[in-house]
2 protein chains.
Amino acid sequence: MYELFFQKFNEKVPLTSEEQEQIKAYLTPKKLRKRQYLLQEGEVCRAIAFVEKGALRAYTVDESSNEHIIQFAIEGWTISDLYSYLTGEPATYNIDALEDAELVLITRTAHEELLRTQPKYETFIRLLITGAYIALQRRLASNISLPAEERYTCFTETYPDIAQRVPQHMIASYMGLTPETLSRVRKKMADRR
Amino acid sequence: MYELFFQKFNEKVPLTSEEQEQIKAYLTPKKLRKRQYLLQEGEVCRAIAFVEKGALRAYTVDESSNEHIIQFAIEGWTISDLYSYLTGEPATYNIDALEDAELVLITRTAHEELLRTQPKYETFIRLLITGAYIALQRRLASNISLPAEERYTCFTETYPDIAQRVPQHMIASYMGLTPETLSRVRKKMADRR
DNA sequence: ATGGTTCCTTGACAAAAGTCAAGGGTTTTT
DNA sequence: AAAAACCCTTGACTTTTGTCAAGGAACCAT
């Protein structure tokens, strides 16, 4: 159940098996069916979810009830409303499963205990967030400086697995485009070959 | 010289004065004149810069030699090409001073020493990056889901100080707009009052 | 002081993206 | 097996944004 989680953990910070058992005691497994919510806007985000299996997304809904996809997460990645998680403020994101999923949850209390007692956990989290920050900065740079087509190419090259598993209209939303526009961009690309 | 740096540090992680002196020994002060580079694309980013005074920006230059502003930093904030800093890869950003500036540099070697020897430093860095990550996620959300005008309003409300100190065309670039478009957006807003 | 940047604005036009509406192919549900 | 929901595509049209060009104000440097 925790294989991938500890694989990723060990890649960042090697653990002895005692440390691993110690940490494991704080983790909560959770299964989610497709379309089930992990978090709804307005609730407090109680856990960081590491994806062992399946796919999830985080999204907002605006006044015109358009969905805007903030983030995808598949095997090996984490997802949460970090702001809500850390501050206890109501979440602004919804998170739900795009496929049946198996998660490893780090609840807020587990997080705080682990930070207090296990220095390697703090290092792990620091590296995790640093990686997420760098990835996000790339995404933002591509968003403000590239035209739609290059943004899409860039996305499919960086995340070929997500591009295949997720409906196109969600990818459009992730890139800040309408489904129609992405459809046309793809057509134009196809016509050129 | 390090007042603001340690003020911010203590807000996140309180330090004894011995700890503070210990950390201070690893820091490097640096002054920068307006228009001077802190980092040029292709170099390796050797330091995280904390701004004690002044204003800086990070930006990329594309094939058509358009500048795209990735980040601003004024008093109390940090700036760097974090990816280059951590991996030693050549930087993809340029960083320069928009006003005469006083910086506190954390060099890569200082960073590693501090991580090894001073647990509170790791906590400080973790909180720093977490804050940056959350801010970036907000910026991205506003970028993909809001029209230009609301994005601009949101920016000026969140960073009124930056909005006033920085040339408009840089703010346009930061938001992924041309200077002309931002100028028109502002005109439209002004006409409505 | 003056000549040169830099910065902002405006106009006319072009390109990109959004909106609305319809249709058809899947998959899911009942 | 039929109905419903979902997803993608396409067309016609509108809105938003970008591009190119010009001009004027403010700031700088010699």
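The figures here come from the full heavy-atom set of this structure, side chains too, leaving out hydrogens, waters and symmetry mates. The sequence lines fix the lettering, A, B, ..., with proteins before strands; numbering per chain opens at 1.
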Handout entry: Test: A:E149 and A:K188 ion pair at under 4.0 Å
Key = no
Handout entry: Between A:Y159 and A:F72, ring centroids under 6.0 Å
Key = no
Exercise for the section: Give me the residues of residues 144-159 of chain A where at least one heavy atom lies under 4.0 Å from an atom of DNA chain C, by number, or none. Expected result: A:A148
Fill in the blank from the handout: Within residues 166-191 of chain B, those residues having any heavy atom closer than 4.0 Å to DNA chain D are B:G176, B:L177, B:T178, B:E180, B:T181, B:R184
Practice task
Decide whether A:L56 and A:M170 are clustered together by the hydrophobic rule: side chain heavy atoms of Ile, Leu, Val, Met, Phe, Trp, Tyr closer than 4.5 Å, transitively.
Solution key: no
Using the 3.5 Å cut-off, write out each protein N or O paired with an N or O of nucleotides 25-30 of chain D and the distance between them.
none

Handout entry: With A:Y83 via ring pair (Phe, Tyr, Trp, His ring centres under 6.0 Å) - residues at least two apart
Key = none
Practice task
Cation-pi check, B:R139 to B:Y174: give yes when NZ or CZ is under 6.0 Å from the six-membered ring centre and within 45° of the ring axis, no otherwise.
Solution key: yes
Practice task
Could you check how far CZ of A:R165 sits from C1' of D:dC7, rounded to whole Å?
Solution key: 19 Å
Problem - Start and end of the DNA chain C segment that chain B contacts, any atom under 4.0 Å from a heavy atom - result: C:dC7 to C:dA12
Handout entry: ring pair (Phe, Tyr, Trp, His ring centres under 6.0 Å) involving B:Y152 - partner list, sequence neighbours excluded
Key = none
Problem - B:Y93 side chain reached by A:Q137 side chain, heavy atoms, under 4.5 Å - result: yes
Practice task
Starting from B:L146, walk the hydrophobic network (Ile, Leu, Val, Met, Phe, Trp, Tyr; side-chain heavy atoms closer than 4.5 Å) and list everyone else you reach, by chain and number.
Solution key: none
Handout entry: Partners meeting side chain to side chain contact (heavy atoms under 4.5 Å, CB included) with B:K53 (sequence neighbours left out)
Key = B:E75, B:E102
Practice task
Take A:F5 and A:F124, measure what ring pair (Phe, Tyr, Trp, His ring centres under 6.0 Å) needs, and give me the verdict at the end.
Solution key: CA-CA 11 Å; A:F5 178 80; A:F124 170 69; 5.7 Å; yes
List, one per line, each side-chain donor-acceptor pair under 3.5 Å for residues 28-48 of chain A, sequence neighbours excluded.
{"residue": "A:Q36", "atom": "OE1", "partner": "A:R33", "partner atom": "N", "Å": "2.7"}
{"residue": "A:E43", "atom": "OE1", "partner": "A:Q40", "partner atom": "N", "Å": "3.2"}

Exercise for the section: Under the salt bridge (charged side-chain N to carboxylate O under 4.0 Å, His left out) rule, collect the residues that match up with A:E11, sequence neighbours excluded. Expected result: none
Handout entry: Pair A:S173, A:E67: side-chain N/O donor-acceptor within cut-off below 3.5 Å
Key = no
Ignoring hydrogens and angles, write down the donor-acceptor pairs under 3.5 Å from the side chains of residues 109-117 of chain B, residues two or more places apart or on other chains.
{"residue": "B:T109", "atom": "OG1", "partner": "B:T107", "partner atom": "OG1", "Å": "3.3"}
{"residue": "B:H111", "atom": "ND1", "partner": "B:Y121", "partner atom": "OH", "Å": "2.8"}
{"residue": "B:E112", "atom": "OE2", "partner": "B:R108", "partner atom": "NE", "Å": "3.1"}
{"residue": "B:E112", "atom": "OE2", "partner": "B:R108", "partner atom": "NH2", "Å": "2.7"}
{"residue": "B:E113", "atom": "OE1", "partner": "B:R116", "partner atom": "NH2", "Å": "3.2"}
{"residue": "B:E113", "atom": "OE2", "partner": "B:R116", "partner atom": "NE", "Å": "3.4"}
{"residue": "B:E113", "atom": "OE2", "partner": "B:R116", "partner atom": "NH2", "Å": "2.8"}
{"residue": "B:T117", "atom": "OG1", "partner": "B:E113", "partner atom": "O", "Å": "2.9"}

Problem - Global bending angle along the helix from C:dA1-D:dT30 to C:dT30-D:dA1, which compares the axes of five pairs at either end, to 10 degrees - result: 50°
